[in-house]
Number of protein chains: 2
Amino acid sequence: MTTLKDIAKHANVSVATVSKYLSLDLAVKKETEARIQAAIKELGYVPNVVAKALKRKETFNVAVIVPKINNLYYSEITSGISQTLGKQHYNLFIYEVDQLNLDEGEILQLMRENMIAGIIFIGLFSDESFKESIRAAVEWEIPVVYANRYISFDGFPLLYPDLVQASKLGTAYLASKGRRRIALVHKRLPDRLLELFAKGYRQAIEEDGEPLLVAIEEGMELSESVIPALAENRIDGVFVLNELSAVYLAKALTKANIRIPEDMAVLSLGNSLISQISTPELTCIDLQNRELGIRSAEIILSQIRKQAFKPVTVLEPSIVERGSV
Amino acid sequence: MTTLKDIAKHANVSVATVSKYLSLDLAVKKETEARIQAAIKELGYVPNVVAKALKRKETFNVAVIVPKINNLYYSEITSGISQTLGKQHYNLFIYEVDQLNLDEGEILQLMRENMIAGIIFIGLFSDESFKESIRAAVEWEIPVVYANRYISFDGFPLLYPDLVQASKLGTAYLASKGRRRIALVHKRLPDRLLELFAKGYRQAIEEDGEPLLVAIEEGMELSESVIPALAENRIDGVFVLNELSAVYLAKALTKANIRIPEDMAVLSLGNSLISQISTPELTCIDLQNRELGIRSAEIILSQIRKQAFKPVTVLEPSIVERGSV
DNA sequence: TTGTATGCGTTATCAA
DNA sequence: TTGATAACGCATACAA
């Protein structure tokens, strides 16, 4: 392993000179520069980031804490993060919490041990314990970002899509296609979030009225069981607040000879590959997952660099038409 | 930040004693132990892994080099890796090469800079440049594993599914369901791999004969264009060697009023979510992606620990029946 | 423009 | 059973 010391000796200068030259905070004579560069080339010098981190008390490693990575929602966000971090020469650690089942204390310990420069928490919004993790990290002054769904702001930057707007957009779109009785189908969402969707619904529908909320479980059979409720209420358009559930519901509807979109319009929340390959392909609200990741990374980097950053970032959803509405 | 020094002072012992005690290579007196433990608790000591790495010249960080992470094939493997590494208290770095477009030199530099303990290369089998990356890493004595498809062994451990067996299994299954004229549909596979599938086909079909090989592009329209060729050859069963292509072909067949499986059996290679949510759901050959990841991680750890490891690991595929054959 | 010296937090060698 | 001390590779305060 070639070190600065070797370079210094080979170039007949001091270690400090080489170090400062490489850190760009020292202008050296043309001739010295040439000798240093020659030494670096000849000896094949590669800087040791670990030593640098120890000295500087700061790494270039950012951790992503995610429930699981083999899921298009999470991996899309993560890919966005990776893209931004890579450009800025930061490394990306991944910790899958579902797999490793780490508690808050263990996560914090891991971060501190490894001198993680910043942490991006994705998801886990149904679990309250993650909030403790974040709080603990904040307490130790580790830059933190939370990206997923709206949660109450609590002293760390938040990023999430505008679900009210998503709901409004979706509902209005269904209405514009002549749908008069629209249901919001959800997969066990917390009330806090359901209320956001209901709000968007109300904004889109001029007449007073509340949406029909239908809870659904994932899977073919479970989706079938929800069809009678839709029929009873003479629903002609569903906005399914979970992409996979939307696909299964579409399957169940087709199986029950309910045509999409003629008899029932199906709108899905989320625009991953699965809406595309569903039969029929599903019109959906795109929540901008990759962008969510990109922006999360930007904010964590701003924090690390002690620059200003927005405490709350709300992403604007958009609609992707595919004919299921 | 609390350091060993602080602990030592607080417990009235030397730094060396604390260090060795914590590394489990020193038995100390019960009383000393109690004092050390008390100090650790009181001061909230967290070991500094970075300093440890510098001293030991070895990190606990493993890098995964992957084309992209937002793809179920890659993320499933990665999740398997994450699972195994996590249990062994190793950290996982992710580098998305498609995103960052790093060349071989840059990858190696990154690995050396960060003192990466081992590298797992996934995929990129169509690209020859990755082989240079691997070779460079091997040259620098960094433990390496390659996981994806069969490539010629070249001095580093390989992991891949048994594609001949997969093809044999699939073909035999199609035949067992009464299919007499079977085509292998592939998405621009290199000849090297096509030959493996042809071999498996031959092993399954007793009579002499070669499979009809049909090249296909991904996407609905492109899949449609392949249907005439299937009709001309009176094909009654297709084994599609790419999961996404299988889904699109199934769509195209349905649209062309060709019933699955009555008129055409469709078998897919790969068992991610998309085969499950396709309409109809696709019977497939499971290539054991998660297991591939788990085993890759095990082998990289063996290398890191200077233990014996298998140079080649071949995974046995299995069939998952869903009624499309 | 360059060099000397110290220390980041840990492990490891040697001695006690 | 314990301690003193020298590295690991680098950055930086201070000198020259």
Side-chain angles (χ1 to χ4, degrees), chain A residues 1-40 43-61 89 109-117 140, chain B residues 1-37 39-40 43-61 89 91 109-117 140:
Chain A
M1 181 181 221
T2 311
T3 73
L4 271 191
K5 209 169 160 184
D6 302 324
I7 300 299
K9 193 182 297 174
H10 194 279
N12 254 313
V13 286
S14 75
V15 181
T17 303
V18 184
S19 170
K20 279 187 276 189
Y21 165 70
L22 289 179
S23 312
L24 304 176
D25 48 44
L26 177 65
V28 297
K29 281 200 300 194
K30 270 255 185 306
E31 194 213 313
T32 319
E33 171 168 18
R35 289 213 312 279
I36 294 178
Q37 285 297 358
I40 288 177
L43 304 183
Y45 172 70
V46 170
N48 185 324
V49 176
V50 173
K52 180 175 185 170
L54 175 60
K55 179 65 194 174
R56 304 238 340 263
K57 293 173 176 291
E58 179 170 20
T59 67
F60 291 91
N61 304 333
H89 303 289
Q109 164 114 6
L110 224 38
M111 301 298 110
R112 294 219 284 148
E113 277 182 357
N114 289 288
M115 296 177 64
I116 298 294
W140 285 99
Chain B
M1 183 182 219
T2 311
T3 72
L4 272 192
K5 209 168 160 186
D6 303 324
I7 300 299
K9 193 181 297 174
H10 194 279
N12 253 313
V13 286
S14 75
V15 183
T17 303
V18 184
S19 169
K20 279 187 275 190
Y21 165 70
L22 288 179
S23 312
L24 305 176
D25 50 42
L26 176 66
V28 298
K29 280 199 300 194
K30 270 254 185 310
E31 194 213 313
T32 319
E33 172 169 18
R35 288 211 313 279
I36 295 178
Q37 285 297 358
I40 288 177
L43 304 184
Y45 171 70
V46 169
N48 185 322
V49 175
V50 173
K52 180 176 183 167
L54 175 60
K55 180 65 195 175
R56 303 238 342 261
K57 292 172 176 290
E58 180 171 20
T59 67
F60 290 91
N61 304 333
H89 302 289
N91 303 303
Q109 164 114 4
L110 224 39
M111 300 298 112
R112 294 217 285 148
E113 278 182 356
N114 289 287
M115 297 178 65
I116 298 294
W140 286 99

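The analysis underlying the following values was restricted to heavy atoms, covering all of them including side chains, and did not include hydrogens, waters or symmetry mates. Just so it is clear: chains get the letters A, B, ... in the order the sequence lines come, proteins before strands, and each one is counted from 1.
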Which value, rounded to the nearest 0.5 Å, describes the distance between [X] atom [atom1] and [Y] atom [atom2]?
X     : Y      : atom1 : atom2 : answer
B/Y45 : A/R112 : OH    : CZ    : 10.5 Å
B/I36 : B/N12  : CD1   : CG    : 11.0 Å
B/M1  : A/M115 : CE    : CE    : 5.5 Å

All ring pair (Phe, Tyr, Trp, His ring centres under 6.0 Å) counterparts of A/F60, not counting sequence neighbours:
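Only A/Y90 meet the ring pair (Phe, Tyr, Trp, His ring centres under 6.0 Å) criterion with A/F60.
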Is B/N12 touching bases, backbone alone, or none of the nucleic acid, heavy atoms closer than 4.0 Å?
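If one applies the 4.0 Å heavy-atom cut-off, B/N12 turns out to touch the sugar-phosphate alone, with no base involved.
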When all nucleic acid strands are considered with a 4.0 Å heavy-atom cut-off, which category describes A/V50: base, sugar-phosphate, or nothing?
nothing
Compile the donor-acceptor pairs under 3.5 Å between side chains in residues 22-34 of chain B and protein atoms, sequence neighbours left out, one pair per line.
from  : atom 1 : to    : atom 2 : distance (Å)
B/S23 : OG     : B/S19 : O      : 2.8
B/E31 : OE2    : B/R35 : NH1    : 2.8
B/E33 : OE2    : B/Y21 : OH     : 2.9

What is the separation between atom CG on A/L54 and atom P on C/dG7, rounded to the nearest whole Å?
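Rounded to whole Å, this separation is 14 Å.
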Rounded to whole Å, NZ of A/K9 lies from P of C/dT4 at a distance of 13 Å
Within the 4.0 Å limit for protein heavy atoms, which parts of nucleotides 10-16 of chain C are touched? Write it as a string from 5' to 3', B for base, S for sugar-phosphate only, - for none.
BBBBB--
With sequence neighbours excluded, residues passing side chain to side chain donor-acceptor pair (under 3.5 Å) with [X]:
X     : value
B/T59 : none
A/T2  : none
A/N61 : A/N91

Qualifying residues under side chain to side chain contact (heavy atoms under 4.5 Å, CB included), relative to A/K5, sequence neighbours excluded
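For A/K5, the residues satisfying side chain to side chain contact (heavy atoms under 4.5 Å, CB included) (neighbours in sequence not counted) are A/T3, A/V15.
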Can you give me the bend angle of the helix from C/dT1-D/dA16 to C/dA16-D/dT1? Use the axis through the first five pairs and the one through the last five, nearest 10 degrees.
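One end axis against the other gives 40°.
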Scan for salt bridge (Lys or Arg N to Asp or Glu O under 4.0 Å) pairs involving residues 44-58 of chain B, sequence neighbours excluded, and state none if there are none.
B/R56-B/E58
Could you tell me the boundaries of the chain B footprint on DNA chain D, defined by atoms under 4.0 Å from its heavy atoms?
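Extent of the interface on DNA chain D: D/dT1 to D/dG9.
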